[in-house]
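Bear in mind that the values here come from a model prediction, so they are computed numbers and not experimental data. Just so we're on the same page: letters track the sequence lines, and every chain starts at 1.
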There are 2 protein chains.
Amino acid sequence: MTDRLNQKAKCAGSPLFEGVKASQLAWLLNVGQNVQLKQREYLFRRGQACDQIFILLSGHIKLSIPVECGQDKVIEFLSPGEAFGESALLPGHLLLADAQALEPCELLAFKSEDVRLAIERVPPFAQQLITNLSLRFESLLRDLESVSLLTAVQRVAAYLLRQPRVGNQAKLPFYKRTIASKLGLQPETFSRSLQQLAADGLISVRGARVVFHDVARLQALLA
Amino acid sequence: MTDRLNQKAKCAGSPLFEGVKASQLAWLLNVGQNVQLKQREYLFRRGQACDQIFILLSGHIKLSIPVECGQDKVIEFLSPGEAFGESALLPGHLLLADAQALEPCELLAFKSEDVRLAIERVPPFAQQLITNLSLRFESLLRDLESVSLLTAVQRVAAYLLRQPRVGNQAKLPFYKRTIASKLGLQPETFSRSLQQLAADGLISVRGARVVFHDVARLQALLA
DNA sequence: CGAAGGCTTGAGACCGCTCAAGACCCGTGG
DNA sequence: CCACGGGTCTTGAGCGGTCTCAAGCCTTCG
């Protein structure tokens with residue numbers, strides 16, 4: 001019971017449910033199924049059929065493309081409040097990526113038929129689904145842009161600047177090799193790029209902690 | 001008047017209007033504004049604000065990211081029946097890419113407020129918008145995959161295999177430099193890759209015409 | 001015929017990758 | 001407290017694929 005209330009609170013905070021009336025929210029929550037993932041557990045794998053979409057309530061999930069002989073190519077990090085697996089709405093479609101929990105995660109799962117219903121009955125939800133997809137589309141577009149147009153050091157700089165800072169410090173949220181893959185780099189190249197930024201006096205690195213010494217020059221690298 | 005009918009026929013054929021009732025289709029067409037583009041004309045540019053989304057009725061459009069000193073990076077080729085510019089639904093958002101007509105084009109433009117209305121009133125349209133976005137998302141994901149994981153020759157082979165063939169021939173639909181950019185390659189590298197495939201006896205190339213000699217081995221390159 | 005634009009070809013440089021080894025970090029257990 | 005072990009991260013050396021730059025070619029069109 002408190003779980004139910006707890007969940008409701010989490011959803012109300014999610015932008016995906018913004019503008020949804022209480023009664024409809026209740027309906028959505030009733031239809032959606034709770035899913036828990038342990039750290040490193042896979043939600044789905046490339047090639048599987050799937051007729052559900054998912055909304056992430058807590059934790060982070062990694063979408064990646066498996067590669068035989070070599071480590072996977074990370075496509076996207078998903079944060080709480082995001083929806084994914086929309087391809088389930090395309091009949092007969094197979095999933096393109098693996099989804100793995102980077103931490104313990106809570107999710108809500110909706111059967112595709114229920115999503116269709118929800119789109120009909122709850123226009124704000126349809127809105128938000130489209131908004132979320134648009135944002136993810138743009139994010140992918142930026143990734144494509146940076147892979148094609150930026151050098152390794154520039155990609156790393158851009159990534160660092162995107163991280164939330166407290167004071168002039170930031171903490172890398174995942175394994176470095178995982179971040180490297182997201183940036184389209186080998187772990188060695190990521191390491192060397194960090195090191196070069198440090199040698200130039202722009203940052204200093206100790207483990208996952210990054211101290212920013214000159215944000216302006218870091219941004220200037222991208223121009 | 002015949003224009004109106006003509007347009008209606010085109011839309012009815014578009015998957016975006018599948019499942020939409022005649023009365024609602026009429027309303028949509030009434031609300032949407034016709035846009036014509038000449039070849040090479042720009043529909044919008046990166047950095048502009050925009051409160052419209054577009055549906056392409058005929059012709060092809062190129063989405064690309066402008067690059068000072070060098071040619072633009074092509075992101076996507078849009079074909080008739082596709083919707084784009086969804087980021088207009090995000091308030092205060094700026095466009096990320098240029099949209100340029102590769103041929104004379106006809107489009108339908110919807111103000112974002114009308115799109116919001118349409119999502120409420122015409123659920124099948126909302127469905128199709130989401131479907132279209134999902135498909136484009138996956139397409140971008142595949143591009144990201146191939147840029148990160150495939151060599152130049154493999155990317156070219158994959159692209160060729162995607163082209164519609166009549167008999168064992170295909171025709172490259174755009175300038176080679178444009179296709180090269182879409183694949184994340186320099187024109188020279190694209191040229192050399194085609195040439196290598198030809199040297200291996202898999203294809204032969206004359207101008208924009210490509211003859212396939214061994215489709216199976218071409219596919220085998222991608223494994 | 002000449003000009004313009006796209007395409008091809010060649011030579012050389014460079015960035016990022018691969019492979020291999022060593023350093024560091026951290027939890028565990030003696 | 002220290003030694004150990006597993007995993008990640010770093011460092012080094014060398015290679016290779018793609019890019020860059022610069023001509024020359026080909027087709028198209030006036």
Side-chain donor or acceptor of [X] paired with backbone N/O of [Y] under 3.5 Å:
X	Y	value
B:Asp72	B:Ser64	no
A:Ser181	A:Val74	yes
A:Asn168	A:Val211	no
B:Lys176	B:Gly207	yes
A:Arg46	A:Leu96	yes

Where chain B begins and ends its contact with DNA chain D, read 5' to 3' at 4.0 Å from heavy atoms: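 Endpoints of the contacted stretch of DNA chain D: D:dT18 to D:dA22.
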Gap separating the CG atom of A:Leu57 from the CG atom of A:Asn34, nearest 0.5 angstrom: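 Reported to 0.5 Å precision, the distance equals 7.0 Å.
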Interatomic spacing from CD1 in B:Ile203 to CZ in B:Arg217 - rounded to 0.5 Å: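 Going from CD1 on B:Ile203 over to CZ on B:Arg217, the span is 11.5 Å.
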Five-pair end axes of the helix from C:dC1-D:dG30 to C:dG30-D:dC1, angle between them (10°):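 The helix from C:dC1-D:dG30 to C:dG30-D:dC1 shows an end-to-end axis angle of 30°.
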NZ or CZ of B:Arg136 within 45° of B:Phe84 ring axis and under 6.0 Å: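 No, B:Arg136 does not sit over the ring of B:Phe84.
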Give, ordered by number, those residues of [range] having at least one heavy-atom distance below 4.0 Å to an atom of DNA chain D; if nothing qualifies, reply none.
range	value
residues 197-213 of chain B	none
residues 169-189 of chain A	A:Tyr175, A:Lys176, A:Arg177, A:Glu188
residues 142-154 of chain B	B:Thr151, B:Ala152

Closest contact, heavy atoms only, B:Ser112 versus B:Ala88: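 Minimum heavy-atom separation between B:Ser112 and B:Ala88: CB-O, 3.9 Å.
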Identified side-chain contact (heavy atoms from CB on, under 4.5 Å) partner of B:Gln100 from the options B:Gln39, B:Arg40, B:Arg45: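 That would be B:Arg40; it is the only one of B:Gln39, B:Arg40, B:Arg45 passing the side-chain contact (heavy atoms from CB on, under 4.5 Å) with B:Gln100.
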Test ring pair (Phe, Tyr, Trp, His ring centres under 6.0 Å) applied to A:Phe174 - qualifying residues, sequence neighbours left out: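 A:Phe174 satisfies ring pair (Phe, Tyr, Trp, His ring centres under 6.0 Å) with A:His60, A:Phe77 only.
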Side chains of [X] and [Y] in contact at under 4.5 Å (non-hydrogen atoms):
X	Y	value
A:Leu78	A:Phe54	no
A:Ser134	A:Ile130	yes
B:Leu28	B:Leu108	no

Note: B:Lys182-B:Asp143 ion pair, threshold 4.0 Å (strictly below):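 A salt bridge links B:Lys182 with B:Asp143.
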Distance in angstrom units between A:Arg192 CZ and C:dC19 P, rounded: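 From A:Arg192 CZ to C:dC19 P: 14 Å.
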Separation of C:dA23 P from A:Gln195 CD (nearest whole Å):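 Atom CD in A:Gln195 sits about 16 Å away from atom P in C:dA23.
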